[in-house]
Amino acid sequence: MKTKDKLLLRALAGETLPTPPIWMMRQAGRYLPEYRETRAKAGDFLSLCYNPELATEVTLQPIRRYGFDAAILFADILLVPQALGADLWFVQGEGPRLSTVQNAADFAKLKPASDIHETLSPIYETVANLTEALPKETALIGFAGAPWTVATYMIAGRGTPDQAPALKLIKDEPEVFDSLIELLVEATSAYLIAQIKAGAEVVKLFDSWAGALEGYLFAKYCTRPTARIIAKIRERYPDIPVIGFPRGATEGGYIGYTENTGVQGIAIDSSVDANWAAENLQGKACVQGNLDQSLLVTGGDKLISETKRIVEVFSGGPHIFNLGHGITPDADPKNVEIMIKAVRG
Ligand code: CP3
């Protein structure tokens with residue numbers, strides 16, 4: 001099979017397909033018993049990310065079990081801050097913790113973007129392994145966090161409900177904030193280019209906290225940095241498709257982002273009305289989404305009817321079936337099978 005024949009790449013090239021390609025955000029993860037077993041073998045989550053053999057294994061697990069049309073590299077968006085010199089650790093049951101960047105002195109301690117490969121080279125090895133190990137019809141997605149979302153974690157030192165610490169830094173120390181975004185644009189471009197060089201066929205930028213940016217701040221700190229990263233990728237790899245995920249953006253935000261970043265795929269969260277997206281986004285890019293991930297916990301008829309509704313609404317244009325956000329640890333693996341059957345008929 002030629003690379004361009006893979007369903008995911010055909011949809012991203014703008015083709016309307018009889019059955020949309022399907023994969024899931026966080027498809028390798030704690031809802032799968034085989035993932036929990038491999039993570040235990042690695043010791044902890046970060047050791048798993050940096051172990052190419054085991055990270056390859058967990059990337060393949062959902063492909064073996066479900067035959068998804070795409071595999072997403074197993075890693076995390078917070079590896080980039082770590083590669084820039086931030087301390088990073090995960091507290092069981094709570095989430096990530098990082099050393100914070102809150103003033104010029106903290107920023108000065110970070111490493112230059114060109115240093116990241118030293119820490120991140122095992123990730124490129126995982127990508128290279130996957131190009132050998134994946135079935136020929138499965139596309140390989142690389143990824144990174146977008147600068148704004150990664151900055152929110154670096155500034156607060158953890159996840160926050162409203163991104164208040166990052167929004168406060170924009171007001172109090174705009175030069176420090178802008179320098180951090182600039183560093184992340186450089187580091188993220190270099191990271192994604194290295195993933196593509198190792199064999200990633202598509203890359204995705206996760207801007208999970210884009211919804212906290214209002215008005216001109218959305219254009220300035222979500223759309224523009226993403227556009228700059230994509231332009232840098234294009235200089236080296238003009239034909240690699242990019243999927244963007246400005247989670248929680250307003251309707252106007254989603255339109256501006258789709259028009260101005262250069263993405264081929266626009267991932268939408270579950271709060272976006274599918275009919276609106278079919279009408280307003282699908283003519284500009286391939287739409288990815290947007291089943292409510294909680295339906296994989298609750299299952300039943302609603303899971304089937306919602307899955308079929310989304311497939312139907314997007315059937316007139318390029319579409320990748322996915323969730324509105326990541327699958328949660330309490331999801332039932334059997335419900336994933338039911339969802340796939342409803343998509344593929
Ligand atoms: O299967 C995949 O999707 C690939 C791997 C992947 C992970 N994280 C593995 C992971 C991807 C693409 C991510 C992206 C990521 N990481 C995002 C953006 C997407 C989103 O969810 O909005 C964000 C914000 C992070 C940061 C992060 N990583 C948090 C906040 C947490 C803790 C919360 C949680 O869900 O546990 C993580 C941990 C994490 N990343 C896990 C996995 C499988 C769970 C770790 C474990 O095994 O204990």
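Each ligand, and each atom within it, is numbered from 1 in the order the structure gives. We count residues from 1, following the sequence as given.
Polar contact check, R247 against ligand 1: no nitrogen or oxygen pair lies under 3.5 Å apart. An N or O contact shorter than 3.5 Å links D76 to ligand 1 by distance. At a 3.5 angstrom cut-off on N or O pairs, A28 counts as close to ligand 1.
For atom 7 (C) of ligand 1, the nearest non-hydrogen atom from the set G326, A75, P62 belongs to A75. For the residues W23, W209, Y153, the heavy atom positioned nearest atom 24 (C) of ligand 1 is part of Y153. Heavy-atom proximity to atom 48 (O) of ligand 1, evaluated over M24, R39, R36, Q27, is greatest for R39. When A267, A55, P96, G142 are ranked by how near their heavy atoms come to atom 29 (C) of ligand 1, first place goes to P96.
Remark: E34 engages R65 in a salt bridge, criterion side-chain N to carboxylate O under 4.0 Å.
Atom 36 (O) of ligand 1 has R30 NH2, 2.7 Å as its closest protein atom, hydrogens excluded (heavy atom only). Counting only heavy atoms of the protein, atom 43 (C) of ligand 1 lies nearest to Y35 OH, 3.5 Å. Closest to atom 18 (C) of ligand 1, if we only count protein heavy atoms, is S208 OG, 3.2 Å. Protein heavy atom at the shortest distance from atom 21 (O) of ligand 1 is H325 NE2, 3.2 Å. Atom 14 (C) of ligand 1 has as its closest protein heavy atom I77 CG2, 3.7 Å. Closest to atom 13 (C) of ligand 1 among all protein heavy atoms lies R26 NE, 3.5 Å. Looking from atom 11 (C) of ligand 1 to the surrounding protein, the closest heavy atom is F143 CZ, 3.5 Å. At the top of the distance list for atom 41 (C) of ligand 1, counting protein heavy atoms only, stands F45 CE1, 3.7 Å.
Taking the six-membered ring for Trp and thresholds of 30 and 60 degrees, W209 and Y153 have ring planes inclined between 30 and 60 degrees apart. Taking the six-membered ring for Trp and thresholds of 30 and 60 degrees, H319 and F321 have ring planes more than 60 degrees apart, a perpendicular arrangement. By the 30° and 60° cut-offs, the orientation of the rings of Y35 relative to F74 is tilted.
A pairwise comparison of heavy atoms in V313 and A278 identifies O-CB, 3.7 Å as the closest pair. Closest approach of I327 and V336 over heavy atoms only: CD1-CG2, 3.8 Å. In terms of heavy atoms, A210 sits closest to T149 at N-OG1, 4.3 Å. Nearest approach of A190 to I116, heavy atoms of both residues: CB-CD1, 4.2 Å.
Protein heavy atoms are absent from the space less than 4.0 angstrom from atom 33 (C) of ligand 1.
Counted by atom type alone, S270 and N290 present zero donor-acceptor pairs between their side chains at under 3.5 Å.
Relative to the six-membered ring of Y124, K197 misses at least one condition, a distance below 6.0 Å or an angle of at most 45° to the axis.
Among Y257, F177, Y216, the single residue meeting the ring-ring contact (aromatic ring centres under 6.0 Å, His included) criterion with Y221 is F177.
At most 12 non-hydrogen atoms from other residues, nucleotides or ligands lie less than 6.0 angstrom from CD of E53.
Residues D269 and H325 have side chains not in contact (no heavy-atom distance under 4.5 Å, counting atoms from C-beta outward).
Here is the list of ligand 1 atoms found below 4.0 Å of a heavy atom in L73: 4 (C), 5 (C). Of all atoms in ligand 1, listed by their number and element, those nearer than 4.0 Å to a heavy atom of I72 are 1 (O), 2 (C), 3 (O), 4 (C), 12 (C). In summary, the atoms of ligand 1 found under 4.0 Å from a heavy atom of F90, numbered by their order in the structure, are 28 (N), 31 (C), 37 (C), 38 (C).
Here P329 has no heavy atoms under 4.0 Å from ligand 1, in either its backbone or its side chain. With a 4.0 Å cut-off on non-hydrogen atoms, F245 does not touch ligand 1 at all.
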